[in-house]
*Asks:* 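One structure, as structure tokens, below. Some questions next.
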2 protein chains.
Amino acid sequence: MTTDDLMTRALETLGDDGPLSVEAIHRVTGPSDVSEPMTIAEVADLLDVSPHTLRYYERAGLVEVARDGNGHRVYDAGAVRRLVFLTRMRLSGMPMRELREYVSLVDEGEHTTPERLGMLVEHRDAVRRRIRELTLSLAAIEYKIATYGGSTGPDVRVLDPAAS
Amino acid sequence: MTTDDLMTRALETLGDDGPLSVEAIHRVTGPSDVSEPMTIAEVADLLDVSPHTLRYYERAGLVEVARDGNGHRVYDAGAVRRLVFLTRMRLSGMPMRELREYVSLVDEGEHTTPERLGMLVEHRDAVRRRIRELTLSLAAIEYKIATYGGSTGPDVRVLDPAAS
DNA sequence: TCTTGCGTTCGAGCGCGCTCCAAGCCCTAG
DNA sequence: CTAGGGCTTGGAGCGCGCTCGAACGCAAGA
């Protein structure tokens, strides 16, 4: 296991029930030492994605990466920061298409800031909805585990209609 | 919009911050009037999936559905209950492969109960992890929105290194 | 009667996000 | 000198979960 990546470390940092304090978010949003240029393997390790995926993101136009004398990729602080952002968005379910759109807005300059903010807000809402959906499913799964009788549906009614 | 499906209704029922009380879970796990046989369109509507998807699940061996005189599918209470379960598991991210495995365990009989329970527990843990992951991403997204300066990375350090 | 609409089947197609392959280059260790 | 390992490229391949197309059947309504 590559237990060294950002997300894993952040999750461990927070423990099992962190209230997501401001400091926690600080740790989450910026724990890496973005200073020295990194190789593709190092970045892959940091972000817990494969080098393949990093090249794929570059080909998709999501990030520009310089090359050293041997033609090898060199990820500077800016590239790493962008990839941290990109992988976080991917992990939270933003499709590649939107990411491409977002990045092209960034490339267009300052005046697209409102639009970008709009995308972020929209994605935030989508993530919130997804969390609520999962939370609901989780409750149902836990309920099923607690009352497990087999078959695909020990339906509630069967057990205790009076409880409501 | 098909606002009538189970999940949507459950989400509305809970409001925006429900503590997931027992009654809430009752409502979530068994709100449908499973009594009369249903047509494919009705089930699709109930579960907010397409008829295509229902046929696909059947082809995949996840559920058996009877036919009426015209060869049309007739979903009885058992089939509907199973499909409620299946779509909930799908929605919470269980892959088709595992669902097939689960169902085949059900078909094998009572003695596979422990194994099925194990699968549920494993899935429950996966859902919990996913929720935590999303919650973390959400915090980062909210942070970015709150401090939005443009570019792909107003990195924390840039803003207030002293805050930690 | 004829059209409309909902259903059926089987098989093919598709969008997504990687993931891998093949051929080649460069550097280092043995 | 050679072998190994890590990197490069463009393009092809893949697994997943649907989603759709084509050809057809049946039944109710204009």
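In what follows, every heavy atom counts, from backbone to side chain, and hydrogens, waters and symmetry copies are set aside.
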*Asks:* Listed by chain and number, what are the salt bridge (charged side-chain N to carboxylate O under 4.0 Å, His left out) partners of R97(A), not counting sequence neighbours?
*Replies:*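 Salt bridge (charged side-chain N to carboxylate O under 4.0 Å, His left out) list for R97(A), sorted by chain: empty.
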*Asks:* State whether a side-chain donor-acceptor pair under 3.5 Å links S92(B) with H123(B).
*Replies:*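 There is such a pair (donor and acceptor under 3.5 Å, judged by atom type) between the side chains of S92(B) and H123(B).
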*Asks:* What pairs of residues pass the salt bridge (charged side-chain N to carboxylate O under 4.0 Å, His left out) test when at least one of them lies in residues 118-127 of chain A, not counting sequence neighbours?
*Replies:*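 Sorted pair list: D125(A)-R128(A).
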*Asks:* For a quick check of understanding: with a heavy-atom distance under 4.0 Å over all strands, which category does R55(A) fall into, base, sugar-phosphate or nothing?
*Replies:*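 Base contact.
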*Asks:* Over how many whole Å does the gap from L91(B) atom CG to dC18(D) atom P extend?
*Replies:*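 The distance from CG of L91(B) to P of dC18(D) comes to 10 Å, rounded to the nearest Å.
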*Asks:* Using atom NE2 of H52(A) as one end and atom P of dG11(D) as the other, report the distance to the nearest whole Å.
*Replies:*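 Value for this atom pair: 17 Å.
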*Asks:* Any sub-3.5 Å donor-acceptor pair from N70(B)'s side-chain atoms to H72(B)'s backbone N or O?
*Replies:*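 Not a single qualifying donor-acceptor pair exists.
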*Asks:* For a side-chain contact (heavy atoms from CB on, under 4.5 Å) check, start with the C-alpha distance between R73(B) and Y75(B), then their side-chain angles and the critical distance, and finish with the verdict.
*Replies:* CA-CA 6 Å; R73(B) 287 173 176 77; Y75(B) 292 84; 3.3 Å; yes
*Asks:* Taking T112(B) for its side chain and E115(B) for its backbone only, find out whether a donor-acceptor pair lies under 3.5 Å.
*Replies:*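 The answer is no, because no donor-acceptor pair under 3.5 Å joins these two groups.
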*Asks:* For the hydrophobic clusters of this structure (ILVMFWY residues joined by side-chain heavy atoms under 4.5 Å, transitively), does one cluster hold both V74(A) and Y56(A)?
*Replies:*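 Shared cluster, no.
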*Asks:* Between the protein and nucleotides 26-28 of chain D, list the N/O to N/O atom pairs that are separated by less than 3.5 angstrom.
*Replies:*
{"from": "dC26(D)", "atom 1": "O3'", "to": "N70(B)", "atom 2": "OD1", "distance (Å)": "2.9"}
{"from": "dA27(D)", "atom 1": "OP1", "to": "N70(B)", "atom 2": "OD1", "distance (Å)": "3.0"}

*Asks:* Look at all strands and tell whether P95(A) reaches a base, only sugar-phosphate, or nothing, counting heavy atoms closer than 4.0 Å.
*Replies:*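 If one applies the 4.0 Å heavy-atom cut-off, P95(A) turns out to touch the sugar-phosphate alone, with no base involved.
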*Asks:* Applying salt bridge (charged side-chain N to carboxylate O under 4.0 Å, His left out), name anything that partners R90(A), two or more places apart in sequence or on another chain.
*Replies:*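 Not a single residue meets the salt bridge (charged side-chain N to carboxylate O under 4.0 Å, His left out) criterion with R90(A).
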*Asks:* Report the C-alpha distance between Y148(B) and Y143(B) in whole Å, list the side-chain angles of each, state the deciding distance to 0.1 Å, and finish with yes or no for ring pair (Phe, Tyr, Trp, His ring centres under 6.0 Å).
*Replies:* CA-CA 8 Å; Y148(B) 202 69; Y143(B) 186 88; over 10 Å; no
*Asks:* Within residues 57-64 of chain A, find the residues that approach DNA chain D with a heavy atom at under 4.0 Å, and present them sorted by residue number.
*Replies:*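 R59(A), in order of number.
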*Asks:* Extract, from 5' to 3' on DNA chain C, the first and final nucleotides lying under 4.0 angstrom from some heavy atom of chain B.
*Replies:*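 The contacted stretch runs from dG7(C) to dG11(C).
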*Asks:* Any donor and acceptor pair, going by atom type alone, linking the side chain of E42(B) with main-chain N or O of T39(B) inside 3.5 Å?
*Replies:*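 Here the side-chain-to-backbone pair exists.
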